[in-house]
Number of protein chains: 2
Amino acid sequence: MYSSANVSERQAQAPSLAISTVIFALRTDPGTGRSEIWLPLVRRIRQPHLGKWALPGGPLGGRESLQDAAARNLRETTKLEPTYLEQLYAFGGLDRSATQRLVSIVYWALVRPEQADLARESENVQWFRASDAAGLAFDHDEIVAYALERLRGKIEYGSVAYHFLGARFTLAQLRGVYEAVLGRHLDPANFRRQLRSARDIAATDEVLQGGRNRPPRLYTYTGPHQETPPPGPAARLPAEGQSAAPPS
Amino acid sequence: MYSSANVSERQAQAPSLAISTVIFALRTDPGTGRSEIWLPLVRRIRQPHLGKWALPGGPLGGRESLQDAAARNLRETTKLEPTYLEQLYAFGGLDRSATQRLVSIVYWALVRPEQADLARESENVQWFRASDAAGLAFDHDEIVAYALERLRGKIEYGSVAYHFLGARFTLAQLRGVYEAVLGRHLDPANFRRQLRSARDIAATDEVLQGGRNRPPRLYTYTGPHQETPPPGPAARLPAEGQSAAPPS
DNA sequence: GTTGTTAGGGTCGAAATGACTATAACTCAT
DNA sequence: ATGAGTTATAGTCATTTCGACCCTAACAAC
């Protein structure tokens, strides 16, 4: 292996390698009270695609793992730590960038709403509704669409919705996450029944006071608190279950 | 984005980028008649890990997509075309190779048994039972384990088992694939019932003659004949369902 | 013929799921 | 204070799914 192309030739052809990150957060619409998915984008300050919005990213440092590079992107653009960070896909089409051959390893992350609200916004960093994120630089439109697709898959599978929320949450909030991601209404009673069994959530003895209706009980996530899953998939697997629901 | 590190520094740090491929094929044990998963490995002919077995792979050419590079690896090592080829994961740990910083984008492929039998074997290319593939070069042990994990996920989900078989197959053969991958016995009657509904298989009007028992009917796969899924995930998604099975 | 073995169809109960009803607990308007 | 409105939470019921199991059909070998 490691073919016979000589080294100088290989270097000459070597595509640049970059890391990009799709960062999802939930925001509650003040009007309808419904949860929506948002993500931060950065404005391109150089060619190509100067002035367009793009996913946060940059070159891979020589002393950091892929995961670390993605986490660094996150810190640098939004000043916050993700509650979930996973590799999405490596994009390497020939025509991704007009100026150079570019291979991007893309990660996707979930952050909590409190953090998303605190995240700085500036001239060149702004949050967008996921459904409004179009016309991005490079092939980032497709990447965002794919990340949403994958988010749907993961959330149906089960153990990712909690990472959108804080340490304590009501079942209605959790259901709001599911509804925002899946894009359909879920029956509150059935949703409750499904979560009572299995999944890594536990009821606390507290309730959320101050609402205008019956105070809902607060729950916590007790599963592997995979702040940022370990580098290799080998280490990541025990926390997940890998693979998905049986459409049969 | 695209940080402020200057270009020369970035080049100096730039990790090498390689493509590797995990190629799975099914072989039937002549003794027990059970199906087993095999994969081809190549012997390292240079340092590091000289003499050890490793996944087929090599550098990414400047004029080929990631997918094309993986397909080329396949051709070059086994002289055969895969019936299925998908990106597995990008591995980029700091300590993967002792001699250099190496990022590997790994693909996994399925090939048909007839093809696997025809595939050349040589001094430096040999097929191994997946369960016997240990002590490989670099972190390839972990990569193979992860590929098997993902294969299990995909097969439970549904649409990948056919790619191990030829154009026409019996349900017993298909069940053999599932049993080899999942590592457990499946009830023939229930298996039949599940496949009768939904999945992209159709009964032909032919039966397989020549066995010593009742001749089984032959079936075909009618789904998207995803010989080699399109480059971007966007194009790949309609054929798949993305994500994995529900451990709940 | 009989026997052995696999193909393929069916039954039955347990478990999961979706649609729905009912009651509890709170706030707010009157 | 009382009732209306809203959400939380429990329960019911019919349908579907799934695993375990049984039975008959169709071949080869003897």
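The sequence lines fix the lettering, A, B, ..., with proteins before strands; numbering per chain opens at 1.
- When rounded to the nearest whole Å, the span between CD of A:Gln209 and P of C:dA25 equals 13 Å.
- Closest to the side chain of A:Arg217, from the set D:dA10, D:dT9, C:dT5, is D:dT9.
- For B:Arg214 and D:dA29, the CZ to C1' distance is 19 Å, given to the nearest whole Å.
- Using a 4.5 Å heavy-atom cutoff, the side chains of B:Val177 and B:Ile155 are in contact.
- In this structure a side-chain-to-backbone donor-acceptor pair under 3.5 Å is present from A:Arg217 to A:Thr204.
- Following rounding to the nearest Å, A:Gln194 (CD) and C:dA19 (P) show an atom-to-atom distance of 11 Å.
- Put simply, the side chain of B:Thr78 does not reach to within 4.5 Å of the side chain of B:Val111, judged on heavy atoms.
- Going from atom CD of A:Gln173 over to atom C1' of D:dA8 covers 13 Å, rounded to whole Å.
- Nearest nucleotide to the A:Asn213 side chain, out of D:dT9, D:dT6, C:dT6: D:dT6.
- Proximity of a side-chain donor or acceptor of A:His140 to a complementary backbone N or O of A:Ala54 within less than 3.5 Å is not detected.
- In this model, the phosphate group of D:dT9 is not approached by any side-chain N or O of A:Arg196 to a distance below 4.0 Å at OP1 or OP2.
- Going from atom CD of A:Gln67 over to atom CD1 of A:Ile105 covers 11.5 Å, rounded to the nearest 0.5 Å.
- Classification of the B:Tyr162-B:Tyr221 ring pair by plane angle, with boundaries at 30° and 60°, yields parallel.
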CA sep, side-chain torsions, deciding dist, call: A:Leu151, A:Leu110, side chain to side chain contact (heavy atoms under 4.5 Å, CB included): CA-CA 10 Å; A:Leu151 173 59; A:Leu110 305 182; 4.3 Å; yes
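- Residues B:Pro215 and A:Arg184 both approach DNA chain C. Their nearest nucleotides, taken by heavy-atom distance, put B:Pro215 toward the 5′ side.
- Note: CZ (B:Phe169) to C1' (C:dA7) measures 16 Å, nearest angstrom.
- As a whole-Å value, the separation of A:Leu208 CG from D:dT9 P is 11 Å.
- For a distance-only test at 3.5 Å, the side chain of B:Arg212 fails to qualify as a donor-acceptor partner of the base of D:dA29.
- Proximity of residues 185-193 of chain B to DNA chain C (heavy atom under 4.0 angstrom from any strand atom) is restricted to B:Ala189, B:Arg192, B:Arg193.
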